[in-house]
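Every chain is numbered from 1 and lettered A, B, ... according to where its sequence line falls, protein lines coming before strand lines.
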Amino acid sequence: MAEAVATKARTLTYVAAINEAVRTVLKEQPNAFAAGEDIGGAGGVYGYFHGLQAEFGADRVYDTPISEKGIIGLGVGAGATGCRPILDLMFMDFMGECMDEIANQLAKMRYMFGGAANLPVTVLTMAGAGASLAAQHSQSLEAWVCHLPGVKICMPCTPYDAKGLIISAARDDNPVFVVLNKMSLAMKGEVPEETYAIPLSKANIVRPGSNYTIVAWGRMVHEAVAAANKLKDLGVDAEVIDPRTLQPFDTATVVQSVKKTHRAMIVHEAVRFGGFGGEIASQIQELAFDYLDAPIGRVGAPFSPVPFSPALEKHYVPNADAIVAGVKAQLGI
Amino acid sequence: MAEAVATKARTLTYVAAINEAVRTVLKEQPNAFAAGEDIGGAGGVYGYFHGLQAEFGADRVYDTPISEKGIIGLGVGAGATGCRPILDLMFMDFMGECMDEIANQLAKMRYMFGGAANLPVTVLTMAGAGASLAAQHSQSLEAWVCHLPGVKICMPCTPYDAKGLIISAARDDNPVFVVLNKMSLAMKGEVPEETYAIPLSKANIVRPGSNYTIVAWGRMVHEAVAAANKLKDLGVDAEVIDPRTLQPFDTATVVQSVKKTHRAMIVHEAVRFGGFGGEIASQIQELAFDYLDAPIGRVGAPFSPVPFSPALEKHYVPNADAIVAGVKAQLGI
Amino acid sequence: MAVTLTDSILKDLHLRMVRIRRFEETAGKMMESGKIPGALHLYVGEEAVASGVMAHLSNDDQITSTHRGHGHLIAKGGEFSPMMAELFGKATGYCKGKGGSMHISNMKLGMLGANGIVGGGPPIAMGAAFSNKFRKTKNVACCFFGDGASNEGSFHEAANMAGLYKLPVIFVCENNGYGEYTPQRNHQAIVDVADRAAGYGMPGVIVDGMDVVAVFEAAGEAIARARAGEGPTLLECKTYRFYDHVGVRGMGLTYRTDDELEEWKKKDPIDLFEGRLKEQGILSEAEIQAVHAAVAADIEKAIAFAESSPFPDPSAIEQDVYA
Amino acid sequence: MAVTLTDSILKDLHLRMVRIRRFEETAGKMMESGKIPGALHLYVGEEAVASGVMAHLSNDDQITSTHRGHGHLIAKGGEFSPMMAELFGKATGYCKGKGGSMHISNMKLGMLGANGIVGGGPPIAMGAAFSNKFRKTKNVACCFFGDGASNEGSFHEAANMAGLYKLPVIFVCENNGYGEYTPQRNHQAIVDVADRAAGYGMPGVIVDGMDVVAVFEAAGEAIARARAGEGPTLLECKTYRFYDHVGVRGMGLTYRTDDELEEWKKKDPIDLFEGRLKEQGILSEAEIQAVHAAVAADIEKAIAFAESSPFPDPSAIEQDVYA
Ligand SMILES: Cc1ncc(C[n+]2csc(CCOP(=O)(O)OP(=O)(O)O)c2C)c(N)n1
Ligand SMILES: Cc1ncc(C[n+]2csc(CCOP(=O)(O)OP(=O)(O)O)c2C)c(N)n1
Ligand SMILES: [Mg+2]
Ligand SMILES: [Mg+2]
């Protein structure tokens with residue numbers, strides 16, 4: 001499961017990388033199929049299933065009715081009986097429609113059955129604000145999933161990560177959520193042609209630094225890197241860590257970094273209050289208490305639904321400036 | 001909204017206190033009605049609606065089909081058009097069936113409409129493990145709700161609190177979740193006959209203490225008090241704070257306590273990882289960093305679904321011993 | 001329950017449809033020119049449904065809508081200026097810019113919101129109908145939803161409860177043959193969504209959704225039944241959308257043929273109805289043009305209003321979360 | 001599709017029913033004596049449904065069950081010892097004590113679990129049927145669910161998808177007239193759940209759920225259709241539970257009358273069937289008693305097994321969460 005060396009890297013968009021990952025999985029796993037709303041004929045509303053139904057046939061890539069409970073239920077029943085479903089949930093907000101199938105069936109079946117069932121189910125879904133899609137199409141709800149024993153969750157932030165994490169997710173014998181960011185769909189990056197898997201357990205040190213730790217995931221990784229570049233002038237040399245996978249969470253890498261840097265900030269796009277950032281901050285202070293020179297900060301969205309108007313939304317979504325402001329306030333600089 | 005003085009207190013069970021609160025609300029608010037599965041004819045599976053349909057009529061207390069989406073949707077539509085619905089969701093685990101109606105409709109309608117809609121909807125639901133009801137009838141999922149702008153949530157731990165918080169919830173013009181604990185149903189306590197309301201914003205210092213702070217909610221409040229009593233001998237004089245309401249959260253009371261005691265533990269029955277305890281711990285270290293003598297600890301359930309067997313469940317649910325052990329480990333005593 | 005089709009009713013139906021059409025065509029252009037952000041789902045082609053139903057409703061009757069909601073709000077009495085401002089994300093919009101196209105609403109008009117969640121409306125409409133019955137009004141709630149939405153569990157639960165409690169609610173299925181890019185035959189094994197009515201103990205009625213008078217008459221019967229306390233109806237309107245699922249030109253997908261589109265355009269509900277009005281001497285061509293011109297002038301004003309309105313202040317973000 | 005009712009089939013049906021009845025009666029007693037913790041929903045009275053359906057299935061055919069799931073597992077081949085041990089919460093149970101009554105299951109027998117969530121089963125059964133079709137087996141999935149469960153959105157979505165994809169799945173509605181303490185007339189406006197079938201493009205069949213042969217024959221037809229690739233069926237079995245919703249004596253509620261119970265007890269599926277077997281000379285009274293005695297002996301062994309089995313070790317708590 002080591003990461004492949006990128007011998008034949010090309011530049012691909014995030015969408016193309018997702019597409020390539022699903023294609024790879026459908027090729028390597030005869031019992032894998034993909035199912036979701038409008039993913040067959042149309043290739044998905046954002047196109048990341050483009051061409052797959054034509055290539056693999058309508059008995060590998062299925063258009064489903066608008067029935068999210070049905071889609072996840074399909075995955076549970078098929079996953080428990082020898083298939084490897086790849087389900088598309090379109091927008092993460094739609095988890096509301098199928099939280100029972102996610103939380104009470106998919107996540108718990110194996111445990112309730114004393115370990116007798118395998119649920120090799122991959123769920124792709126899109127999170128994130130920034131496209132003026134308002135309150136019901138812009139949420140980042142990873143906190144719901146992280147709190148749920150029985151599922152894994154990762155949030156790829158580059159085309160490279162998208163391909164490698166989806167392949168890992170699909171090879172895993174557990175339910176894995178792959179949370180994509182809708183604002184990153186056109187993002188370009190190097191992606192090896194070869195098949196490679198990024199382990200669902202290791203954080204990625206995106207930018208090494210010496211005296212500050214920023215933990216960020218999803219699209220916020222890029223904002224964190226931008227913030228780190230701005231902070232340089234202020235004498236803050238921030239290490240940016242992308243956990244990549246939130247469950248299991250690579251606590252060791254984060255704690256090790258904070259022991260070195262003595263100060264930390266957690267950044268997520270989700271609503272700050274009650275978000276997964278609380279878990280990380282809590283773990284850090286527990287495990288690196290004596291190393292901390294300042295309280296651990298958190299940057300997240302305000303406590304409101306996502307507003308529609310771009311005039312509001314642009315202040316709602318955390319960005320590099322908000323991170324810089326947060327760091328400055330925390331350090332009193 | 002000040003708490004009434006208990007001039008005519010009697011001893012009531014938690015079930016009877018809930019019942020009395022709903023009766024009070026149905027009497028004082030002509031547009032209030034109650035709806036839920038088996039709450040009419042049967043009085044609810046745990047009896048807390050007992051006698052209310054007979055007293056108020058079938059047009060104030062409704063049996064619904066087994067349709068959780070329908071029940072919450074009923075509350076949204078009726079609440080937005082002049083009624084004050086009291087909905088029963090039976091088991092909190094069933095939120096999975098209606099998370100869309102909760103998260104995307106009930107919580108967001110007011111905001112999406114620019115403030116033009118009021119949603120005076122109260123949702124009663126039961127959480128908690130300990131009754132061998134296994135993975136789908138034992139969860140404490142308050143973390144899902146706390147992360148949701150637009151709803152409030154409280155978790156009464158005594159008959160007194162149950163009555164006062166339900167009355168407040170029903171008088172509030174916002175959606176309020178009242179999370180009851182199924183293991184507390186037979187618990188007895190003093191409850192004034194008069195109508196009184198406990199504000200949805202103030203924490204309750206259940207046990208004052210000088211050198212340690214335990215924040216606990218729901219049934220864990222009692223375990224925390226028991227732990228505090230045991231800790232006395234070890235020189236730990238713990239203040240036990242029950243936030244009562246998790247959203248809005250009374251940060252001030254908690255932080256003030258920690259500034260006095262310098263050490264804190266958060267205790268909840270929910271799965272520890274990704275639970276709401278992370279938010280509290282995170283807030284405390286942020287706001288009382290310089291006052292802390294030790295990392296803030298957290299006690300919660302292990303990272304697994306709730307097991308059925310009493311032999312497992314009794315080790316799964318946090319209790320006074322687990323809290324004592326956690327405190328001792330944290331303090332190295 | 002025969003409502004007489006007076007001239008004023010016919011003119012009213014015509015005006016509602018023209019208002020929708022003109023607004024939507026303009027909104028499409030505004031989106032293409034970058035003035036309207038986010039996702040825009042146009043109602044063009046389906047005007048007869050909203051208009052025929054809404055002509056029976058007062059402001060105290062409620063409706064729930066869909067992601068394709070402008071037409072419903074206009075037919076329910078929505079004004080162009082605060083609507084256009086909302087689509088532009090301005091502070092003067094119906095929702096202060098917080099909702100946008102997918103959540104456009106007006107409580108005073110009994111319009112309980114467009115909804116970004118497919119199937120979000122039915123439980124809410126059922127609840128509003130419950131409220132009408134509970135509060136002993138004679139009001140009804142009308143729930144608009146698509147063929148695609150009829151496959152959501154929320155529709156099922158709402159319909160069952162409405163049938164059980166005999167609630168004054170009309171489930172108006174706008175069957176336009178597609179859920180996004182998926183044709184009906186690929187999302188359900190039935191041709192008529194109305195076939196589901198029997199499972200809820202309510203009548204299922206099918207009507208030509210391109211014929212505003214047919215919709216008006218069928219809706220009138222269902223609404224009268226509901227007001228009389230006889231319970232809900234599932235009213236299926238066969239219709240078609242002329243633009244793409246989202247936006248105007250869409251993604252260039254070939255999920256439906258040009259021929260099919262052209263066939264349906266021959267049934268344009270406004271063209272057909274205008275022909276009939278002229279034939280019956282109710283409106284002359286000049287009068288019809290005057291209606292269009294007046295509506296167009298209104299829309300110009302709405303654009304000016306929206307353009308000149310301020311964006312909401314960032315301080316608004318955390319307002320309106322709680323009462 | 002006429003399966004000949006051989007003597008061996010009839011004896012098999014009888015044995016399945018007796019095994020369920022005896023197990024359930026005993027489980028009830030064990031609960032009352034405090035040996036079984038948690039909630040116990042007994043299947044007594046409904047034995048003909050599980051037995052009549054399951055007689056057609058192999059271990060490679062799947063079923064999903066409900067909170068009232070012991071009968072389904074027994075009819076599917078479940079053994080008493082690991083079942084009783086599971087109900088006791090012992091490490092030797094089918095689920096190592098982690099599932100209990102509401103999650104009892106056995107993947108090797110194709111029994112995909114009792115389910116604590118009403119309506120939890122249909123989407124899973126649909127998914128198993130999808131898998132059968134995808135993997136090109138000839139297997140079917142049977143989904144047991146109650147009249148109450150037919151009002152959950154999950155049933156609707158699963159049924160629609162099953163109809164659409166023509167999946168090999170039988171939706172077996174065990175209509176016992178109540179969802180907990182709420183009679184059917186207070187939870188849906190229809191009398192026959194089978195009326196919902198048309199809305200999914202599948203046949204709806206009603207059968208006397210107290211008559212095991214009737215169930216066997218109707219299920220046989222539906223299953224043969226499914227295996228032949230002709231799609232799903234909704235099979236409604238009218239039945240009744242003899243004990244209370246949960247436990248044996250329940251909460252002493254008066255939601256149903258003694259008279260009603262007595263009327264239904266006259267249709268006891270085992271009594272009726274035994275009468276018929278004797279009449280037709282297939283089993284004598286002595287042979288019937290021998291069946292009961294053998295089953296009773298098996299149950300004694302299961303109790304002994306459960307009693308003497310160890311409770312799971314606390315270290316098991318965090319095992320089996322992930323593969
Ligand atoms: C719960 C949910 N699932 C999926 C979507 C994505 N989506 C938006 S519109 C749409 C198609 C709806 O089809 P239909 O109900 O027929 O309405 P139409 O667009 O044809 O008017 C889909 C799938 C959504 N918004 N909400
Ligand atoms: C989603 C959900 N809602 C409610 C319940 C509580 N509950 C358990 S059994 C039951 C009644 C089920 O009725 P029916 O489907 O007719 O099955 P029966 O008990 O009659 O066999 C209810 C409401 C539940 N377990 N799950
Ligand atoms: Mg449609
Ligand atoms: Mg029943």
Pair D/E174-D/Y43, side-chain donor/acceptor within less than 3.5 Å
yes

Between D/Y178 and D/Y255, how do the two ring planes meet: parallel, tilted or perpendicular, split at 30° and 60°?
perpendicular

Could you check whether the rings of D/F144 and D/H72 sit parallel, tilted or perpendicular, using 30° and 60° as the cut-offs?
parallel

Indicate whether the side chain of C/H70 and that of C/S101 have a donor and an acceptor atom separated by less than 3.5 Å.
yes

Residues of residues 184-198 of chain D with any heavy atom under 4.5 Å of a heavy atom in chain C
D/R185, D/N186, D/H187, D/Q188, D/A189, D/I190, D/D195, D/R196, D/A198

Do the side-chain N and O atoms of C/H245 and C/R68 include a donor-acceptor pair separated by under 3.5 angstrom?
yes

Heavy-atom distance under 4.5 Å to chain C: side chain of D/F155, backbone, both or neither?
side chain

Shortest non-hydrogen pair, C/I223 vs C/C142, comes out as CD1-SG, 4.2 Å

Do D/H156 and D/Y200 have a side chain donor and acceptor closer than 3.5 Å?
yes

Filtered by a 4.5 Å non-hydrogen cutoff, the part of residues 116-140 of chain D contacting chain C is none

Report the residue from C/L235, C/I170, C/L112, C/T64 that forms a side chain to side chain contact (heavy atoms under 4.5 Å, CB included) with C/C143.
C/T64

Shortest non-hydrogen pair, D/N115 vs D/S65, comes out as CB-O, 3.9 Å

So which heavy atom on C/E230 is nearest to which on C/K166, and how close?
O-NZ, 3.6 Å

